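What's counted below: heavy atoms across the whole structure, side chains too, no hydrogens, waters or symmetry copies. Positions are given from 1 along the sequence. What you see is a predicted model, and the numbers here were worked out from it, not measured in a lab.
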Amino acid sequence: MTTSRLTASTFTSSTLLALSLTVATDSAHSTAEEQATGLEQVSVTAARTPQPLLSQPASVSIVNGEPLSAIGAVHPSQALSSVPGVNINRGNGQESLIGLRSPVLTGAGSCGAFAITQDGIPVRGTGFCNVNQLFDTHFEQAGRIEVLRGPGTVLYGSDAQHGVINVLSAAPAQGSESSIGIEGGANDYQRLKLTHNRGDDQGGTRIDFTGARDDGYKDDSGFDQQKLQLRNDRQWQDWSISALLNLSNLNQETAGYVVGKDAYKDDARKRENPNPEAFRDSQAARAQVKMQRTLGNGDELQITPYARYTDMAFLMHFLPGTPLEENGQKGLGVQTALRQQIDPALALTSGVDLEYTAGWLKQTQEGGFSVFPAGKHYDYSVSAAVAAIFSQADWQLDERTTGSIGARGEYLRYNYDNHMIAGDTQDNGDICISGFTGAIGCRYSRPDDRADDFANLSLNASLTRQLSDQLSGVLRLASGFRAPQATELYRLQNGQTRAELDSESIDSLEAGIRHAGETLRYSLTGFYMEKSDVVFQSSDRLNLSDGESRHYGLEYALDWRFSETWQLAASGTFARHQYTSDLSAPGSGPIASDGNDIDTAPRSMHNLNLAWQPADTTEIALQWQYTGGYFTDIGNAHRYDGHQLLHLRARKALSDSTSVGLRIENLADVDYAERADYSSLGGGDRYFIGEPRSVYADVKFRF
């Protein structure tokens, strides 16, 4: 059996620069003169090749390597806290839930709304995302992180519906250098960073290793994590080649939600862990080789083959019976792009992307009760083949105006193989009978073997106008999509034997202005987006796809160097994210949610960063972080009031080869929740509790 769907929406995304000496600066691979003046900054995320940031129609923010190093992020949420439109809820250890020009999304397929990439390559296969997949990236020693807000360009297909987070490795530099960084801090946190670099005019090699361990603030909640990254850049004949290998391992003891109204304010409960038995183990490996050259006719060709592998096991402490999930995937793919200068005013970028992923999943439970039987619940494998073709034309309409229009067509086919008895029985074929209602049927349901295919089309169009040498305006229309994830199609419940799901689609309109001067940069972007065929789980735990939502708001970013020693950066978002159809929550009846705020969607988020550099060897920065209140349930009957945090960071160079740093997170020791949630089945109000004032120190040696 197959299903097929073609979606053609309308259009999306627009502007930006992010910021700050120590928290988020707009700058990337530019010349020394450009970096000194700050007049020219480039990004690769929207176009796969370096393009001036000021002239790009997509909304792209950049956090550079130097600010990343100063932040000393223990968790990805800290690295991206100053990017407008980004709201990453920190879970226990290295776990996270993402909001990117969106609410913080949850559920089996929510991670499919965001493309998480390492040097442009998605860290997970299409259809096999994981909500925590940011921990697979080597963000701790990234050369920079670029964030594209709103639907991706034609270079991105499914899994780039709300945006892209692209973690870029640091390029090898000329010369030979090694460094060691040793850190320690709250809750016996320890981290070791090692780097070795050797390069010349023809390229070079860079090796980065990060090893961290943390006993955890909550009881039984520590983790150990290791990451290794190797990059080799070379010139071979007419080709520029960049090879990258990433390896990561995570062993984590997981703490669950703390239940109870305002539990995050109760000192006696802050270290509480209701799930001391929970854990997560994850291993990942990825390799890619980016090859590019200029052809004899002047065209630019880029080819990037890649391979990846992941293996994960974790205890599902958030489900009755705490079953064990084991999953994995391995895959191959290639990205291509050909840029042709048709005439002086017209450039055409086209390409074909191919990918194949083989994934598997098992879910088992030791002890059984009622409709949650012991034994296997799921045991299946799924292969996914993706083929996409895209093209974008860029016109220089006049000296100051550039227009672009592009399209991407993508085809995805799943082949699902169930290794168990189909239906909602126990693994031996016995039926389940509810001890509460007498209803027949186990909670978990397995479809018969099947195949599903999804065809999608996305469109982009934009106008960029250079209003002056330092000011530009952008208007952008875009559409995006995400095909259902494998778990949404084949991991069914409550007797559902087939999930008839369509691809989610999103239409976006945005307009913005950007200014880039020697001492002042700013950007202002307004956006409006509508989503249809949103996949959700009904009150009967059936996977359906007729939800609708609306998203609109205003994002800003400012970076002002108002003296030789002082710099002020500000960024933030005013936004509404609303249901535009009636839904229901699992375990509850239908809810009149049309017009309600989507849960975990603050209407305002702001960051202010003040940096002082009294001497070349000393930097001090103070960050104010504001998260507005938000509703925690579909019916908007429960709410978290939000919070304000202060963070202090300082760095002192003792010599050319030695420096020391100090970071104080939550300087004012505020009671707050990293994430607030409400679950009628999970006990009501519940929280991932934020950590109190925490001090970290480090020393770095450079050889």
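Residues Tyr630 and Asp641 are not in side-chain contact: their nearest non-hydrogen atoms beyond the backbone lie 4.5 Å or more apart. Gln229 places a side-chain heavy atom less than 4.5 Å from the side chain of Gln118. Between Gln133 and Ser96, every side-chain heavy-atom pair lies at or beyond the 4.5 Å cut-off. Looking only at side-chain heavy atoms (C-beta outward), Gln335 and Ile121 come within less than 4.5 Å of each other.
Residue pairs meeting the salt bridge (charged side-chain N to carboxylate O under 4.0 Å, His left out) criterion with at least one member in residues 74-91: none, sequence neighbours excluded. Evaluation of the ring pair (Phe, Tyr, Trp, His ring centres under 6.0 Å) test over residues 138-170, restricted to residues two or more places apart or in two chains, returns His162-His551.
Remark: side-chain polar atoms of Thr525 are not paired, donor with acceptor, to backbone N or O of Gly512 under 3.5 angstrom.
Here Glu619 does not pair with Arg651 in a salt bridge; the nearest charged N to carboxylate O distance is not below 4.0 Å. One finds a salt bridge joining Asp398 and Arg465 here, because a Lys/Arg side-chain nitrogen approaches an Asp/Glu carboxylate oxygen to under 4.0 Å. The pair Asp597-Arg576 meets the salt-bridge criterion, since a charged nitrogen lies less than 4.0 angstrom from a carboxylate oxygen. Between Arg693 and Glu665 there is no salt bridge, since none of the side-chain N atoms of the basic residue sits less than 4.0 Å from a carboxylate O of the acidic one. A salt bridge is absent between Arg561 and Glu518; no separation between the charged side-chain nitrogens and carboxylate oxygens falls under 4.0 Å. Checked for salt-bridge contact, Lys531 and Glu504 meet the test: a charged N lies under 4.0 Å from a carboxylate O. With respect to the salt-bridge test (charged N to carboxylate O, under 4.0 angstrom), the residues Asp208 and Arg206 qualify.
Put simply, OG1 on Thr573 and OH on Tyr556 are 8.0 Å apart, with the number rounded to the nearest 0.5 Å.
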Walk me through whether Glu140 and Lys193 qualify under salt bridge (charged side-chain N to carboxylate O under 4.0 Å, His left out).
CA-CA 9 Å; Glu140 297 91 341; Lys193 293 181 181 179; over 6 Å; no
Trace of the side-chain hydrogen bond (donor to acceptor under 3.5 Å, both in side chains) decision for Gln623 with Asn607:
CA-CA 7 Å; Gln623 178 189 7; Asn607 265 271; 2.5 Å; yes
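Ring geometry for Tyr189 versus Tyr696: interplanar angle over 60°, hence perpendicular rather than tilted (30 to 60°). Note: His515 and Tyr522 have parallel aromatic rings, judged against thresholds of 30 and 60 degrees for the angle between ring planes. Note on ring orientation: taking the six-membered ring where Trp is involved, the planes of Phe562 and Trp566 are parallel (angle under 30°, cut-offs 30° and 60°).
In Trp624, the CH2 atom is crowded: over 12 heavy atoms of neighbouring residues, nucleotides or ligands sit closer than 6.0 Å.
The shortest non-hydrogen separation linking Ala186 to Asp214 is O-OD1, 4.3 Å.
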